[in-house]
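Have a look at the structure below, then the notes.
Both backbone and side-chain heavy atoms feed into the values below; hydrogens, waters and symmetry mates do not. These figures come from a predicted structure and were not determined experimentally. Within every chain, numbering begins at 1; the chains are lettered A, B, ... in the order of the sequence lines, protein sequences first and strands thereafter.
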Amino acid sequence: MSDAWIAVIVVGAATIVLKSVGPVLLGGRPLPEHLTGVVALLAPALLAALVVTQVAGGDEEIVLDARLVGLGAAIVAILLRAPLLVVVIAAAASTAVVRLFT
Amino acid sequence: MSPGYRDGARKIAPIGVAAFAFAVSFGVLAKASGIGSVEAIVMSLTTFAGSAQFAVASILGAAGGVVSAIAAATLLNARYAPISVSVAPVLTGSRLRRLLESQLIVDESWAMSRRPDGHFDGKLLVGGGLALYACWNTGTVVGVLAGDALGDPADLGLDAAFPALFLALLVPQVRTRRALAAAVLGATIALALLPFTPAGVPIVAAAAACLIGWRRP
């Protein structure tokens with residue numbers, strides 16, 4: 001089985017379970033309070049890590065290239081409150097243009 | 001369909017347009033990361049959670065291991081456990097029905113169904129979730145087809161689309177000082193490990209930053 005299929009099946013199954021924790025598994029009971037604070041911070045920590053690794057990640061090294069220009073364009077678009085799709089296109093287009101001329 | 005469900009679908013329509021576009025970009029980027037068309041479509045049908053799906057595509061695309069991809073995506077979706085707990089009182093009916101309806105929980109349908117008094121409206125949640133589910137999956141199919149027609153992903157700057165996307169998803173998450181601290185710490189851990197570990201590992205390790213939210217039981 002390909003890596004992609006393994007990821008699709010395992011992540012899909014895990015997500016189905018996670019989304020049903022409250023309505024099915026716990027049947028309406030609350031989560032332990034000390035856990036909710038930790039879980040709430042998972043998304044910001046992981047998304048920030050994804051930004052860093054996707055913009056500067058290389059083959060086990062830090063690589064700074066045209067992607068940085070794309071991230072800069074994305075920051076401007078986010079500050080201007082542009083919709084998500086515009087943010088993504090601004091990043092891709094500016095990176096593509098830099099690559100075209102370097 | 002009772003008015004409650006339809007209200008949910010109507011109310012979420014503007015977000016549905018954005019979700020459709022977002023799903024198109026998932027389809028395109030999944031293809032650019034070497035994920036097959038059928039895999040990408042099945043993933044949208046079963047996982048139905050944007051940031052986790054993009055995490056899998058980006059880690060597999062960067063030749064990170066499948067274990068890292070699964071761990072990062074599962075940790076990203078861990079938030080759905082407390083979110084699902086919050087709406088459990090309004091998802092009633094048989095076990096099967098609750099299981100199916102709970103799959104329609106995504107950040108947007110959940111946020112929209114929250115009433116000013118802090119309680120949730122189950123019909124808004126399910127109606128809105130169904131509409132988003134339809135947008136998300138048709139968008140993925142369109143993206144996968146478009147991805148086949150596009151050229152070299154690097155020439156198009158698609159690799160730069162990933163950090164931009166994750167940043168756009170991150171910004172609304174850092175509303176509190178604690179969340180900002182977790183984000184800064186997570187980014188620092190990832191950057192520190194980047195030169196020494198295979199792709200994917202820095203992301204999973206960054207999850208440790210969430211421990212600053214631990215409260216003594």
Side-chain angles (χ1 to χ4, degrees), chain A residues 3-8 10-12 14-16 18-24 26 28 30-34 36-57 60-62 66-67 70-71 74-75 78 83-85 87-88 91-96 99, chain B residues 21 25 35 39 42-43 46-47 49 56 58 66 69-70 73-82 84-85 88-89 91 98-99 102-103 105 156-158 160-171 173-174 179 182-183 186-187 190-191 194-195 202-203 206-207 209-210 213-215 217:
Chain A
D3 279 359
W5 268 121
I6 295 170
V8 167
V10 177
V11 172
T15 307
I16 289 169
L18 285 165
K19 286 186 177 179
S20 65
V21 163
V24 181
L26 290 177
L31 267 191
E33 199 167 326
H34 57 278
T36 54
V38 173
V39 175
L41 296 183
L42 270 172
L46 284 164
L47 289 170
L50 280 162
V51 173
V52 168
T53 53
Q54 294 304 312
V55 80
E60 299 196 23
E61 57 184 343
I62 292 177
R67 289 174 294 179
L71 190 66
I75 291 171
I78 290 170
L84 192 59
L85 192 65
V87 173
V88 172
S94 58
T95 303
R99 287 204 178 121
Chain B
S25 52
I35 293 176
E39 288 93 317
V42 171
M43 184 163 221
T46 54
T47 298
V56 168
S58 69
V66 65
I70 290 169
T74 306
L75 288 168
L76 270 170
N77 278 347
R79 71 180 183 285
Y80 283 121
S84 78
V85 167
L91 294 185
R98 277 179 280 148
L99 175 65
S102 67
Q103 298 313 307
I105 303 170
L156 296 166
L158 288 183
F162 276 120
L165 181 93
F166 290 124
L167 185 67
L169 291 173
L170 171 64
V171 169
Q173 294 275 347
V174 289
L191 196 59
L194 205 48
I203 300 161
C210 76
W214 180 265
R215 262 166 268 159

For each of [options], tally heavy-atom pairs with chain A at distances under 4.5 Å, and name the one with the top tally.
options	value
B:Ile35, B:Leu76, B:Leu91	B:Leu76
B:Pro89, B:Ala187, B:Ala209	B:Ala187
B:Val174, B:Leu170, B:Leu165	B:Leu170
B:Arg79, B:Glu39, B:Gln173	B:Glu39
B:Ala69, B:Ala73, B:Ala207	B:Ala207
B:Ala190, B:Pro195, B:Gly186	B:Pro195

[X] versus chain B, the contacting section by heavy-atom distance below 4.5 Å:
X	answer
A:Ala14	side chain
A:Glu61	backbone
A:Ile78	side chain
A:Leu26	side chain
A:Leu84	side chain

Would you say [X]'s side chain and [Y]'s backbone share a donor-acceptor pair under 3.5 angstrom?
X	Y	result
A:Arg67	A:Gln54	yes
B:Gln103	A:Ile16	yes
B:Thr46	A:Gly12	no
A:Lys19	B:Ile105	yes

Please determine, among [options], the option with the most heavy-atom pairs under 4.5 Å with chain B.
options	value
A:Ala92, A:Ala74, A:Ala91, A:Ala96	A:Ala92
A:Val88, A:Ile75, A:Ile6	A:Val88
A:Ala40, A:Ala56, A:Pro23, A:Ala93	A:Pro23
A:Val87, A:Thr95, A:Leu85, A:Thr53	A:Thr53
A:Leu50, A:Leu42, A:Leu71	A:Leu50

Give, as side chain, backbone, both or neither, the part of [X] having an atom under 4.5 angstrom from any heavy atom of chain A.
X	answer
B:Leu156	backbone
B:Val42	both
B:Pro82	both

- Could you walk me through whether B:Phe166 and B:Ser58 pass side chain to side chain contact (heavy atoms under 4.5 Å, CB included), step by step? CA-CA 10 Å; B:Phe166 290 124; B:Ser58 69; 3.9 Å; yes
- Message: Would you compute the distance between atom CG of B:Leu194 and atom CD1 of B:Ile203 and round it to the nearest 0.5 angstrom?
- Response: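 Going from CG on B:Leu194 over to CD1 on B:Ile203, the span is 9.0 Å.
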- Task: Mind checking salt bridge (Lys or Arg N to Asp or Glu O under 4.0 Å) for B:Arg98 and listing every partner two or more places apart, or none if nothing turns up?
- Result: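 Partners of B:Arg98 by the salt bridge (Lys or Arg N to Asp or Glu O under 4.0 Å) criterion come out as none, since no residue qualifies.
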Minimum-distance pair of heavy atoms, taken over all atoms of [X] and [Y]:
X	Y	answer
B:Val56	A:Val11	CG2-CG2, 4.1 Å
B:Ser84	B:Ala81	OG-O, 2.9 Å
B:Asn77	A:Leu18	O-CD1, 3.5 Å

- Item | Sequence-distant partners of B:Ser25, side chain to side chain donor-acceptor pair (under 3.5 Å), two or more places apart |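 Counting only residues at least two positions away or on another chain, B:Ser25 forms no side chain to side chain donor-acceptor pair (under 3.5 Å).
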